[in-house]
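This report refers to the structure that appears directly beneath it.
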Amino acid sequence: MEILVLGSGAREHALAWRLARDEGVRRVRIAPGNGGTAAVAESVADLDVLNPAAVARHAGRERYDLVVIGPEAPLAAGVADALATAGVPVFGPRRAAARLESSKVYAKEQLRRANVPTAVAATFDEPEAAVAWVRAQSRPPVVKADWLAAGKGVVVPETLEEAEGAVRALLIGAVPGARLLLEERLEGREVSVFALVSDAAVLPLGAACDYKRLGDGDTGPNTGGMGAYTPVPWFGPSEVERTVAEVFEPIAWRMARDGAPYRGILYAGLMLTDDGPRVLEFNARFGDPEAQVLLPMLDGELSAALLGVATGDRGQMEGSLALRGGAAVGVVLASEGYPDAAATDRSLLGAEPSGPADAGPVLCFHAATRVTPGGYASSGGRVVTMVGLGRDLAEARQRAYAGVAGAQLDGSQLRSDIAERELGE
Ligand code: AMP
Ligand code: GLY
């Protein structure tokens, strides 16, 4: 197979790396990729991955057997639709199905219609009505923008005044017709569950936990994700199976029934409350950094499974992969100043990008890097994800931190507590 991967993060490096390891894959290309992805894939220069017609034209000309869409933006732009129309097999949902991520109001409607447990929420498109509703509450609700707000669309306020401020800040300056969700605040542990979905068929890939705050102990600002681990000791195979039956299958069925069949990876963010699991969000893509820990745990032919998803071949999706045992821990090395103002153009040493022959036990996936005459330099916030593989989380964690200790980037930031809470369990 010849495969094109779209995207430029460590998630896409991990996808291209894992695909390049398949026996049935002759060549992987990536658009645009980053400084490290040349180790696994040839970069396609000058392709605008947010332009559906341009991507479809390029894919038709190059006759790829499969296009794999990594990030959310091309999905929301309709790149999968254009590829499907051009007859190119594409892994990633069409725009209508990707609304499970791009519209929180739509996701909430589909959850209700599929009878999947989720937080109770009300929808508003007018600041005064939303503020009046907030004032009538006894506890501050969670405030969620119904548009892709670049990771700034969810506010979890501590007081009603703060909730009111968040409503105003989000709705004032928003485009006309923009909507907000005000949602009951839930308490519990959070876990993310991932499954391949092809119309009504679901194949679970496992569960992972990520760390969104910048600092140890979940302090500091929110980030794109500073680390992740899998498996989750308190959310094992039987809990994943239960999530398939109670969340993924009803939603997949609902989407197919509503004329928006889902083909891609579906990521469910759950909160485990005293009353049972509740879905907080869906994403229409792999998580980043969750992909970096989940993908090394898959045995078999990933390319065949993703092609099976793309073509609606349930047997091929289900028959191509097996979960290997063991554990993976990923630690993100971020630039000084991230997430507000990341320093760039600093030299990066000791972080050779993983190539197709690299099976661990330490893997290095590049994100914001570029090639320099002497090696690599940083070019943004999250620079690399270092992944340790091991028999258990303790061993995987020790290897991830040994790997990241060997990397040098002036002023870099990292969390030292990834997976720490699971030690000794
Ligand atoms: P979301 O993008 O919807 O997952 O929200 C981002 C984060 O906000 C989640 O990972 C939770 O930590 C938090 N959050 C979202 N919804 C709720 C809720 N209903 N109750 C408590 N925390 C929430
Ligand atoms: N790590 C969270 C995300 O990818 O959305």
Side-chain angles (χ1 to χ4, degrees), residues 7-12 14-15 69-73 75-76 98 100-108 111 116-123 137 139-158 162-163 166 170 180-194 207-214 218-219 221-230 232 247 265-295 330-332 334 339 365 367 381-382 385 387 415 418:
S8 64
R11 166 181 54 207
E12 286 75 26
L15 275 165
I69 302 179
E72 149 68 9
L75 299 170
L100 279 181
E101 174 168 359
S102 61
S103 167
K104 290 183 183 290
V105 172
Y106 176 76
K108 191 60 83 176
L111 283 163
V116 175
T118 180
V120 177
T123 305
Q137 304 304 304
R139 284 165 23 99
V142 178
V143 182
K144 299 187 173 186
D146 184 44
W147 56 92
L148 286 172
K152 300 206 160 54
V154 176
V155 182
V156 185
E158 294 302 330
E162 219 185 294
L170 281 169
L180 276 186
L181 273 178
L182 298 179
E183 186 169 289
E184 76 175 303
R185 179 163 174 181
L186 302 175
E187 306 283 345
R189 297 217 253 193
E190 285 187 59
V191 60
S192 303
V193 186
F194 296 82
C209 285
D210 76 333
Y211 291 77
K212 292 208 175 73
R213 299 295 196 100
L214 179 69
D218 291 329
T219 55
N222 266 313
T223 70
M226 294 297 291
Y229 64 88
T230 189
V232 181
V247 175
I265 176 115
L266 186 60
Y267 157 163
L270 305 185
M271 190 172 273
L272 309 181
T273 73
D274 289 342
D275 301 323
R278 300 281 182 273
V279 174
L280 291 186
E281 65 164 338
F282 284 121
N283 292 307
R285 50 173 176 80
F286 272 106
D288 183 345
E290 292 94 321
Q292 293 90 300
V293 295
L294 287 165
L295 291 165
V331 178
V332 170
F365 298 118
R382 291 192 291 173
T385 307
V387 175
R415 278 184 68 153
I418 306 300

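Read the numbers this way: they start at 1 and go in the same order the structure lists the ligands and their atoms.
For the pair Glu190 and ligand 1, the shortest N or O to N or O distance falls below 3.5 Å. Of the N or O atoms in Leu186, one or more lie within a sub-3.5 Å distance of an N or O in ligand 1.
For the pair Lys108 (side chain) and Ala119 (backbone), a donor-acceptor distance under 3.5 Å is present. Looking only at distances, no side-chain donor or acceptor of Arg278 sits under 3.5 Å from a matching main-chain atom of Leu272.
No option in Leu181, Val143, Val142 other than Val142 meets the side chain to side chain contact (heavy atoms under 4.5 Å, CB included) test with Val154.
Counting heavy atoms closer than 4.0 Å to ligand 1, residue Glu187 contributes nothing at all.
If you check which protein heavy atom lies closest to atom 5 (O) of ligand 2, you get Arg285 NH2, 2.9 Å.
Proximity of Arg278 to ligand 1 is not established, as no heavy-atom distance is less than 4.0 Å.
Numbered from 1 in the order shown, with element, the atoms of ligand 1 that lie under 4.0 Å from a heavy atom of Lys144 read 3 (O), 15 (C), 16 (N). Less than 4.0 angstrom separates some heavy atom of Lys104 from each of these atoms of ligand 1: 1 (P), 2 (O), 3 (O). Within ligand 1, the atoms closer than 4.0 Å to a non-hydrogen atom of Lys212 are 10 (O), numbered from 1 in the order shown.
Between Arg185 and Glu158, at least one side-chain N (NZ, or NE/NH1/NH2) sits under 4.0 Å from a carboxylate O, which counts as a salt bridge.
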